[in-house]
Protein chains: 2
Amino acid sequence: MKSKKSETTQMCAVDYAFKRIGGKYKGMILWYLHSKTVLRYGELSRTVPNITTKMLTQTLRELEEDQLINRKMFHEVPPKVEYSLSEKGRELIPFIEYLHNWGKKQLEIELLKNKS
Amino acid sequence: MKSKKSETTQMCAVDYAFKRIGGKYKGMILWYLHSKTVLRYGELSRTVPNITTKMLTQTLRELEEDQLINRKMFHEVPPKVEYSLSEKGRELIPFIEYLHNWGKKQLEIELLKNKS
DNA sequence: CGGAATCCCAGAAGATACTG
DNA sequence: CAGTATCTTCTGGGATTCCG
């Protein structure tokens, strides 16, 4: 049983965690899923700025593999797929929320500086 | 006054924050600086697994630009440079700690699964 | 000791077109 | 609507060598 996760390098917990939520869109998607509870594919694609379908699909698949989100298909016409946070994914929210607030604060500080 | 930070895309706080602490080594370096308080260049290079001098220098420079760490040079022979967390950088510790604990927990869970 | 300077590449991300 | 499939581009990071 080979695992894509374990490499020869000793495993550092911070490193491990960053690999789950790193990349260009993972944090944002988790954040949006948290604030909206449930989102369809199309909604996500409109919500995440400039994301392509390829990256959206790929990112969602990775989050699903890591069991941070749930994917629920409705076999209808037209098709419908809903994404939501899993329990495990929800555990990350406090930290993303913290990060969000920190980022907001820094953005405001920079804004003030640029005005002067 | 051009800024490397602002692009045409609307600024999202989560995205902003991830850009400060994303990348392969930033989280780990902040984490190590927190647990050891102060570290020299050579110590960091030995502590962070497999990091090259190029990446170490580059990462430290970026963290310094964003004012998350302090760089203190001693003009001696041989030269000596110490790195430590800044106030702003220290604000990030609670959440990196959270992330660290989460990662540790997940690693343990995965370990158990692989044994079965 | 604490870097800087090059060269190079894998893998991340973008563009575009097509489909059940 | 919710994706696939390709192709291309870009850039974060690696390897190596040299410097004050």
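To find a chain, count down the sequence lines: A is the first, B the second, and so on, and within it residues start at 1.
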Would you indicate which nucleotide in [options] comes nearest to any side-chain atom of [X]?
| X | options | answer |
| --- | --- | --- |
| A:Met55 | D:dT4, C:dG14, D:dA2 | C:dG14 |
| A:Arg71 | D:dG3, C:dG14, C:dG2 | D:dG3 |
| A:Lys80 | C:dG14, D:dT4, D:dA2 | D:dA2 |
| B:Thr57 | C:dG3, D:dG14, D:dC1 | C:dG3 |
| A:Thr52 | C:dG14, D:dC1, C:dC1 | C:dG14 |

Return the value, rounded to whole Å, for the distance between atom [atom1] of [X] and atom [atom2] of [N].
| X | N | atom1 | atom2 | result |
| --- | --- | --- | --- | --- |
| B:Glu82 | C:dG3 | CD | P | 12 Å |
| A:Gln58 | C:dA13 | CD | C1' | 8 Å |
| A:Asn50 | D:dC10 | CG | P | 16 Å |
| B:Ile51 | D:dT16 | CD1 | C1' | 16 Å |
| A:Leu39 | D:dG3 | CG | P | 13 Å |
| A:Leu56 | C:dA12 | CG | P | 17 Å |
| A:Arg40 | D:dG3 | CZ | C1' | 13 Å |
| A:Phe74 | D:dG3 | CZ | P | 12 Å |

Please walk me through it: do B:Phe95 and B:Ile21 pass side-chain contact (heavy atoms from CB on, under 4.5 Å)?
CA-CA 11 Å; B:Phe95 98 80; B:Ile21 57 153; 3.2 Å; yes

Would you kindly compare B:Val81 and A:Pro79 by the position of their nearest DNA chain C nucleotide and give the one closer to the 5′ end?
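Its nucleotide being nearer the 5' end, the pick is B:Val81.
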
Please tell me if A:Arg61 has a side-chain N or O lying less than 4.0 Å from either OP1 or OP2 of D:dT4.
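Yes, such a contact exists.
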
Give one of base, sugar-phosphate or nothing for A:Thr53, where a contact means two heavy atoms less than 4.0 Å apart.
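Result for A:Thr53 = base.
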
Reckon A:Tyr25 touches a base, only the sugar-phosphate, or nothing at all at heavy-atom distances under 4.0 Å?
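It contacts sugar-phosphate atoms only.
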
Flag side-chain contact, heavy atom, 4.5 Å: B:His34 against B:His100:
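No, side chains not in contact.
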
How do A:Lys54 and A:Tyr83 order along DNA chain D: which one's closest nucleotide is nearer the 5' end?
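Its nucleotide being nearer the 5' end, the pick is A:Tyr83.
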
NZ/NE/NH1/NH2 to OD/OE distance under 4.0 Å, A:Lys36 and A:Glu43
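Answer for the salt bridge query: no.
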
Salt-bridge contact B:Glu87-B:Arg90 (side-chain N to carboxylate O under 4.0 Å):
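Salt bridge present between B:Glu87 and B:Arg90.
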
Smallest separation among heavy atoms of B:Leu85 and B:Asn70, with atom names
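Where B:Leu85 meets B:Asn70 most closely, the heavy atoms are O-OD1, 3.3 Å.
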
